[in-house]
Peer 1: 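After the structure tokens below, expect a handful of questions from me.
In this text the structure is predicted, and so the values were computed from the model without any measurement. Side chains included, hydrogens not; waters and symmetry mates left out as well; all remaining heavy atoms used.
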Amino acid sequence: MDDSYTGAFYWGNFTWDDPYTYNYTDVFPFPETAPCRPESLDVNKYAIIVIYALVFLLSLLGNSLVMLVVLYSRVSRSVTDVYLLNLALADLLFALTLPIWAASKTKGWIFGTIMCKVVSLLKEVNFYSGILLLACISVDRYLAIVHATRTLTQKRHWVKFICLGIWTLSLILSLPIFVFRRTIYPPNSGPVCYEDLGVNTTKWRMVMRVLPQTFGFLVPLLVMLFCYGFTLRTLFQAHMGQKHRAMRVIFAVMLVFLLCWLPYNLVLVTDTLMRLRVIEETCQRRNDIGRALDATEILGFFHSCLNPLIYAFIGQKFRHGLLRIMATHGLISKEFLAKEGKPSFVGSSSGNTSTTI
């Protein structure tokens, strides 16, 4: 995932994007050749900081609770739970970078190149690991329900290697950002954290976009659509109401991820096509895409705090697991826990693959 913007007011080798972000010239190497100036973007940076702070607090609390509940439920922990545990970890790591991004909105990037690389890497890894983990969950549900396959879904030790592979692939897809990011000092402005691509900027930017978007978004998305399409068909054909209810959380998690990140990626694809001259590039279109990237990226940031809310409002077993932990530590009475009642265990044809969440 690339978070480049599309402004077009040039100083030397730099491009003015918005009040906070710059990137190297992709099309016009000299200021006098830049044909248009960006329209004024009425971005309230303090409103953005408030949003970042809210997302940070909700994500920190929510994902910590998710990890606590899953780790506490060792006996009933399923394959899907392990994936959701890793998903919560990815969101939590990303949330920890939000205070730094918020500070950069007011003072510019004052944290140096090393921190620029690290927080950018965490942002990219969060995105790629998120969609890859959801793709693995969809494959697990597909095997368990459509093919009633026990072999892969019952062997939990395989899940550890799969999750390790997902983190490794996410790091590989994020490496270009880590390699090229550094602190840049544009003239007459504060420092920014952005890619230093040197010569052949357009070529490298296309490589940094097309490959990650293909293998880190499009392919996992197609896998999810295929697996969940056949899974839903099997559930409805077999009238398996209990299993359908057990799948609500998983479907909700996937849907929220797409609602948060699909708009950003669609805008990014549009910007890539414009840079490749597949669609006509105009000043108005360039400014529209810049504003759209700003807005959809903030929407994507919201994703890191939404999954725990899904578990809390839809996931009955998650609520019970949290209440059980609270009762164990004397935060609520055991009578209250008994009154709430333990949710019925909803199994699947693959054995221990139902979700704790």
Peer 1: Report yes if the distance between the aromatic ring centroids of W261 and F127 is under 6.0 Å, otherwise no.
Peer 2: yes
Peer 1: V192 versus T183: any side-chain heavy-atom pair under 4.5 Å?
Peer 2: no
Peer 1: For D91 and N126, which I'm curious about, is there any donor-acceptor pair between the side chains at under 3.5 Å?
Peer 2: yes
Peer 1: Does CZ belonging to F215 count more than 12 external heavy atoms closer than 6.0 Å?
Peer 2: no
Peer 1: Has S170 got a side-chain atom pairing as donor or acceptor with S129's backbone, closer than 3.5 angstrom?
Peer 2: yes
Peer 1: Do L85 and L61 sit in the same hydrophobic cluster, where Ile, Leu, Val, Met, Phe, Trp and Tyr count as joined when their side-chain heavy atoms come under 4.5 Å apart?
Peer 2: yes
Peer 1: Indicate if L87 and L60 have the same hydrophobic cluster label, given that clusters are the connected sets of ILVMFWY residues with side-chain heavy-atom separations under 4.5 angstrom.
Peer 2: yes
Peer 1: Please lay out, stage by stage, how R181 and S120 fare under the test side chain to side chain donor-acceptor pair (under 3.5 Å).
Peer 2: CA-CA 8 Å; R181 282 274 169 120; S120 298; 2.9 Å; yes
Peer 1: Do I131 and L266 belong together in a cluster built from hydrophobic side chains that touch within less than 4.5 Å?
Peer 2: yes
Peer 1: On a heavy-atom basis, which atom in Q213 and which in T272 lie closest, and how many Å separate them?
Peer 2: OE1-OG1, 4.2 Å
Peer 1: Give a yes or no answer on whether the side chain of R285 reaches the backbone of E280 with a donor-acceptor pair at less than 3.5 Å.
Peer 2: yes
Peer 1: Tell me if the centroids of the rings in F230 and F226 come within less than 6.0 Å of each other.
Peer 2: yes
Peer 1: Output yes when E281 and R277 qualify as a salt bridge under the 4.0 Å nitrogen-oxygen rule, no when they do not.
Peer 2: yes
Peer 1: What pair of heavy atoms forms the shortest contact from Y142 to T231, and how long is it?
Peer 2: CA-OG1, 3.5 Å
Peer 1: Do you know which two heavy atoms are closest between V119 and I100, and how far apart they sit?
Peer 2: CG1-CD1, 3.7 Å
Peer 1: What are the two closest non-hydrogen atoms of F257 and G130, and how far apart are they?
Peer 2: CE1-C, 4.1 Å
Peer 1: Using the ring centroid of each side chain, check whether Y194 and F180 are separated by less than 6.0 Å.
Peer 2: no
Peer 1: Which class fits the ring pair F301 and Y52: parallel under 30°, tilted 30 to 60°, perpendicular over 60°?
Peer 2: tilted
Peer 1: Treating N63 as the side-chain partner and S59 as the backbone partner, does any N or O pair qualify as donor plus acceptor under 3.5 Å?
Peer 2: yes
Peer 1: If only atom types and distance count, is the side chain of W101 paired as donor or acceptor with the main-chain N or O of S104 below 3.5 Å?
Peer 2: no
Peer 1: Do the side chains of L57 and L89 join up, straight or via other hydrophobic residues, at under 4.5 Å, putting them in one cluster?
Peer 2: yes
